[in-house]
Amino acid sequence: MADSSDISPVSSARRIALKAGLKLGALAGGAGLVGAGQVSAAATPDPLITEVQDWNRYLGDGVDANPYGKPSVHESDAVRRTVSWLTADNKSSINFTPLHKLDGIITPNGLCFERHHGGVADIAPGDHRLMINGLVETPLVFTMEDLERFPRESHVYFLECAANSGMEWRGAQLNGCQFTHGMVHNVMYTGVKLKHLLAEAGVSPRGKWLLPEGADPSHMTRSIPIDKAMDDCMVVFRMNGEALRPEQGYPLRLVVPGWEGNMWVKWLRRLEIGDQPWHHREETSKYTDLLADGTARRFTWTMDVKSIITNPSPQSPIRHGRGRTVLTGLAWSGHGTVKRVDVSIDGGRNWSTARLDGPTLAKSLHRFYYEFDWDGSELFLQSRAIDEQRQVQPTKDALRAERGVNSIYHNNGIQTWHIRPDGSAENVEVS
Amino acid sequence: MLMSSTAGHAAGNVDAGRKLFGQCAACHAVGKTAGHQFGPMLNGVMERPAASADGYSYSDALKQAAQNGLVWDEPSLDAFLESPMTYVVGTKMAFAGMRDEAQRQDMIAFLQQIDSSGSGATATVEPPAANSLVSESSAPEAQRPLARDTTVPEHGVLHLGRLALPEEVAAWDIDIRPDGLGLPTGSGSVETGGQIYDAQCAVCHGVFGEGAGRWPVLAGGFDTLSDERPEKTIGSYWPYVSTVYDYVRRAMPFGNARSLSDDDVYALTAYLLYLNDQVSEDFTLSTDNFASITLPNVDNFIADDRMEEVHYASREEPCMQDCIPGEATVTQRARVLDVTPDNGDDDNAGGGID
């Protein structure tokens with residue numbers, strides 16, 4: 001098959017196009033030399049325009065070639081990736097959202113980073129149960145069908161792992177925003193407010209804490225104050241319109257807006273009401289923030305104001321040479337909306353306010369852009385978010401001065417990318 | 001596709017073996033994307049010489065056995081699985097062994113039908129016919145009776161859900177609090193705990209709780225919390241012994257959760273306290289003396305006071321111009337540390353996500 005197509009006229013036209021494309025690329029690199037008022041022209045006509053291409057002539061796939069559609073084959077590098085040395089094995093492990101491949105504010109379901117503590121549980125929805133017990137008037141069991149009879153709501157929320165950027169406490173380590181900041185995703189969830197479920201069981205006045213529990217082999221548990229549970233927590237079964245993905249807790253997960261991802265228990269099977277916190281493993285041994293003096297903060301739930309420039313970045317260098325350049329990134333805060341994002345291209349000496357684009361939703365990712373003319377000199381890119389409570393994203397050094405370098409969690413410091421004159425980018429720290 | 005569970009293979013049941021493999025999956029991988037983990041990848045292990053998978057660092061003991069002609073076939077694998085550490089003295093595989101012959105046969109049948117490409121590792125599921133308008137999976141749902149409840153519940157606001165039976169609550173409500181709420185009646189000694197630990201825990205956590213590979217360290221690390229590289233263990237860091245009991249009971253052993261009896265968990269908790277110098281070797285932990293155990297680091301946890309940190313508390317309008325004198329100079333580069341996965345040098349990095 002490959003041999004016969006190799007001698008077809010279409011294929012040879014393609015080869016010419018490829019060669020010409022290389023030449024054009026070289027020319028484009030020098031486009032900045034063209035004087036003001038002039039429009040640059042190609043030396044020869046572009047065969048991609050003058051020749052009829054395969055996709056102009058031959059019919060493509062019909063409908064239903066992919067009953068569940070997939071991304072273009074040309075987007076095969078837009079995938080989650082893991083860093084194997086971070087964890088002991090792949091059943092209790094983590095991978096990262098390719099932030100540099102995305103735009104807007106919504107994360108596609110298949111690219112939402114994964115964090116499991118006992119692998120992905122495979123649960124048929126008909127076999128799933130949600131129990132409410134503890135300090136309630138009536139301990140209850142719900143089926144998935146029961147849950148769909150409650151009033152539903154949809155909300156967009158970011159989910160960030162408390163350990164996102166945790167590898168950077170001691171200094172620049174991983175070269176790419178996927179790895180430094182990719183333990184975050186942003187999804188529209190559909191489900192039921194937790195307060196409606198708890199109202200069915202009738203929470204005792206003594207009930208001050210909620211313990212959600214998962215059905216996977218880790219039986220994940222966290223203690224959540226009842227006020228948060230009654231405020232904006234949800235039990236959800238859909239993400240971005242479709243059923244939860246298995247790796248995101250299918251068929252049911254907890255949503256705890258603005259708070260660390262570990263609390264968003266997946267494969268949710270039980271909600272217990274109590275009068276004290278449980279101090280379970282994920283809120284004592286883990287997810288407590290060790291300070292320099294040996295004491296540790298506990299119950300550090302909220303994800304503080306944070307931002308990251310996703311492009312350009314080490315995995316997404318500037319390829320077009322000098323001239324008009326689009327810088328973009330994401331900002332978020334567990335305290336509410338982001339009010340402003342500032343961008344510096346000189347390592348924090350001078351700042352310009354970026355343009356926030358798209359919906360500005362509380363506890364959701366925000367998209368920002370900053371467009372500028374690059375003169376081809378080296379840059380030190382930084383972004384700084386400010387949230388609705390006027391909290392300003394701190395520098396990494398400010399965080400280290402307060403906490404030391406062994407906190408693991410809640411590193412929301414300002415990230416620096418070094419852009420070299422050739423457009424390549426690197427994770428650095430600057431004085 | 002039409003793979004028989006038994007034809008031409010060991011007498012065991014492939015599907016049963018696949019389930020049992022959950023116990024092994026903490027250390028071994030099978031399947032098309034499997035690689036070596038703590039233990040070697042096991043695709044195509046049957047009929048291959050011992051210690052022969054490329055790229056895995058075997059124990060000297062297993063390499064010696066291979067030189068003496070050990071090949072993995074039904075009899076040898078059966079004997080190894082029954083008691084790895086006596087069949088190959090000095091093996092790294094610190095697994096206590098599978099006493100049940102039928103289980104070993106199931107496991108062998110499962111491993112036997114996985115070829116070197118990893119095919120056969122996962123259960124084959126027939127995909128639904130792509131063109132049928134009514135998918136097969138939706139048909140049974142449509143045929144289900146629409147109204148199954150004949151009684152109208154009166155609880156709550158919307159009267160949804162049903163009463164949880166006491167047996168159901170008891171089956172799932174296994175959590176323990178520091179004040180002992182939820183603790184089952186029972187007891188277990190350090191000695192018994194040591195036996196269970198050696199058989200089921202030491203393979204990952206090390207014989208003395210020192211941790212193997214990147215698995216959690218459980219013991220030691222006292223007075224290191226303000227060091228450059230703190231060691232956070234049950235003894236040095238965890239505030240409450242109830243957390244040990246709760247976590248072991250709900251999630252351990254990794255790959256075989258909820259398999260331990262309440263007394264087993266008492267014994268393991270006692271042994272972990274012993275490994276951390278909190279009790280003597282003749283100690284027995286029980287419902288009655290549980291509350292008397294306090295861990296050394298209990299008073300070193302503080303409330304979340306991030307908002308009192310200078311950079312947040314000042315609420316200063318951030319500087320926009322000439323904020324730092326001089327030009328930016330690089331103080332640290334990612335490539336110097338060379339730990340990005342792209343760079344192919346993944347194994348010697350610092351830091352972690354815990």
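This structure is a prediction, so every number in the text was calculated from the model and none was measured. Note on naming: letters A, B, ... go to the chains in the order of the sequence lines (proteins, then strands), and numbering restarts at 1 for each one.
- The candidate from Gly211(B), Ala29(B), Ser242(B), Gly326(B) with the greatest count of non-hydrogen atom pairs under 4.5 Å with chain A is Gly326(B).
- For Pro325(B), the part sitting under 4.5 Å from any heavy atom of chain A is the backbone (N, CA, C, O) and nothing else.
- Interface remark: of the candidates Thr180(A), Asn406(A), Val392(A), Thr138(A), Asn406(A) forms the most heavy-atom pairs closer than 4.5 Å to chain B.
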*Check the pair Glu213(A), Arg250(B) against side-chain contact (heavy atoms from CB on, under 4.5 Å), reporting the backbone distance first and the verdict last.*
CA-CA 10 Å; Glu213(A) 179 182 78; Arg250(B) 75 173 51 251; 2.8 Å; yes
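- At a 4.5 Å heavy-atom cutoff, Asn66(A) makes no contact with chain B through either its backbone or its side chain.
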*Applying side-chain contact (heavy atoms from CB on, under 4.5 Å), run through Asp304(B) and His410(A) and close with a yes or a no.*
CA-CA 12 Å; Asp304(B) 182 0; His410(A) 295 286; over 6 Å; no
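- When the candidates Pro239(B), Ala313(B), Gly213(B) are compared by the number of heavy-atom contacts under 4.5 Å with chain A, Pro239(B) comes out ahead.
- The candidate with the highest count of non-hydrogen atom pairs below 4.5 Å against chain B, out of Gly119(A), Ala215(A), Ser344(A), Gly294(A), is Gly294(A).
- Interface residue Arg403(A): only side-chain heavy atoms are found under 4.5 Å from chain B.
- Contact check for Thr302(A) versus Met307(B): no side-chain heavy atoms found under the 4.5 Å cut-off.
- Side-chain contact between Arg333(B) and Glu426(A) is present, with heavy atoms from C-beta onward closer than 4.5 Å.
- Using a 4.5 Å heavy-atom cutoff, the side chains of His219(A) and Arg258(B) are in contact.
- Looking at heavy atoms from C-beta onward, Gln276(A) lies out of side-chain contact with Leu181(B) at the 4.5 angstrom threshold.
- Looking only at atom types and distance, the side chain of Ser285(A) has no donor-acceptor partner in the side chain of Tyr247(B) under 3.5 Å away.
- At a 4.5 Å heavy-atom cutoff, the contact between Asn90(A) and chain B is made by backbone and side-chain atoms alike.
- At a 4.5 Å heavy-atom cutoff, the contact between Val310(B) and chain A is made by backbone and side-chain atoms alike.
- Only the side chain of Asp179(B) comes within contact range of chain A, with heavy atoms under 4.5 Å apart.
- Contact of Asp246(B) with chain A is made through the side chain alone, with heavy-atom distances under 4.5 Å.
- With a 4.5 angstrom heavy-atom cutoff, His418(A) touches chain B only via side-chain atoms.
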*asked:* Evaluate Arg129(A) against Glu168(B) for salt bridge (charged side-chain N to carboxylate O under 4.0 Å, His left out), listing each step before the verdict.
replied: CA-CA 11 Å; Arg129(A) 303 286 183 272; Glu168(B) 295 172 328; over 6 Å; no
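- Among Asp275(A), Asp289(A), Asp346(A), the residue with the largest count of heavy-atom pairs under 4.5 Å with chain B is Asp275(A).
- Under the 3.5 Å distance criterion, the side-chain polar atoms of Glu200(A) are matched with a main-chain donor or acceptor of His159(B).
- By the side-chain contact (heavy atoms from CB on, under 4.5 Å) test, Val217(B) is found to be paired with Glu231(B), Thr233(B), residues two or more places apart in sequence or in another chain being considered.
- Side-chain atoms of His311(B) do not come within 3.5 Å of backbone N or O of Pro394(A) as any donor-acceptor pair.
- Between chain B and the options Gly347(A), Pro139(A), Cys161(A), heavy-atom pairs under 4.5 Å are most frequent for Pro139(A).
- Contact tally against chain A (heavy-atom pairs below 4.5 Å) for Thr329(B), Leu225(B), Val157(B): the top residue is Thr329(B).
- Within a 6.0 Å radius of CG in Asp227(B), other residues, nucleotides and ligands contribute more than 12 heavy atoms.
- Here the CH2-CZ distance, from Trp172(B) to Arg270(A), works out to 9.0 Å after rounding to the nearest 0.5 Å.
- For Trp169(A), no part lies near chain B; criterion is any non-hydrogen pair under 4.5 Å.
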*asked:* Arg177(B) vs Glu272(A), test: salt bridge (charged side-chain N to carboxylate O under 4.0 Å, His left out). Steps then yes/no.
replied: CA-CA 13 Å; Arg177(B) 274 191 343 200; Glu272(A) 181 175 348; over 6 Å; no
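- Every residue two or more places apart in sequence or in another chain that forms a side-chain contact (heavy atoms from CB on, under 4.5 Å) with Ser223(A) is listed here: Trp209(A), Leu211(A), Pro277(A), Trp278(A), Glu283(A).
- For Glu228(B), the parts lying under 4.5 angstrom from a heavy atom of chain A are both the backbone and the side chain.
- Your options are Arg162(B), Gln321(B), Arg315(B), Glu327(B), and the one with the most heavy-atom pairs under 4.5 Å with chain A is Arg162(B).
- By the 4.5 Å heavy-atom criterion applied to side chains, Leu158(B) and Phe150(A) are counted as neighbours.
- With a 4.5 Å cut-off on non-hydrogen atoms, Cys204(B) does not touch chain A at all.
- The candidate with the highest count of non-hydrogen atom pairs below 4.5 Å against chain B, out of Asp304(A), Asp342(A), Asp293(A), is Asp304(A).
- For Leu399(A), the parts sitting under 4.5 Å from any heavy atom of chain B are the backbone and the side chain alike.
- Counting heavy-atom pairs closer than 4.5 Å to chain A, the top residue among Leu163(B), Thr243(B), Asp173(B), Thr224(B) is Asp173(B).
- In this structure, the portion of Phe254(B) lying under 4.5 Å from any heavy atom of chain A is its side chain and not its backbone.
- Under a 3.5 Å cut-off, the side chain of Arg214(B) and the backbone N or O of Leu86(A) do not form any donor-acceptor pair.
- Between chain B and the residues Asn350(A), Val305(A), Asp216(A), Thr395(A), the most heavy-atom pairs under 4.5 angstrom are made by Asn350(A).
- Rounded to the nearest 0.5 angstrom, Tyr312(B) OH and Gln393(A) CD are separated by 8.0 Å.
- For Met252(B), no part lies under 4.5 angstrom from a heavy atom of chain A.
- Once rounded to the nearest 0.5 Å, the distance linking CG of Asp299(B) with OG1 of Thr295(A) reads 12.0 Å.
- The candidate with the highest count of non-hydrogen atom pairs below 4.5 Å against chain A, out of Val244(B), Asn300(B), Leu160(B), is Leu160(B).
- Of the inter-residue distances, the one linking Leu290(A) atom CG with Lys232(B) atom NZ reads 5.5 Å to the nearest 0.5 angstrom.
- Proximity to chain B is limited to the backbone of Phe299(A), based on heavy atoms less than 4.5 angstrom apart.
- To the nearest 0.5 Å, atoms CZ (Phe301(B)) and OG1 (Thr288(A)) are separated by 5.0 Å.
- For the pair Met320(B)/Thr353(A), a side-chain contact is recorded, criterion being any heavy-atom separation below 4.5 Å from C-beta on.
- For a residue to count as touching a neighbouring chain, one of its non-hydrogen atoms must lie under 4.5 Å from one of that chain's; by this rule Ala201(A) does not touch chain B.
- Looking at His117(A), the atoms closer than 4.5 Å to chain B (heavy atoms on both sides) all sit in the backbone: N, CA, C or O.
- With a 4.5 Å cut-off on non-hydrogen atoms, Trp238(B) touches chain A through its side chain but not through its backbone.
- Taking the charged nitrogens against the carboxylate oxygens, Arg340(A) and Glu317(B) do have a contact shorter than 4.0 Å, which makes a salt bridge.
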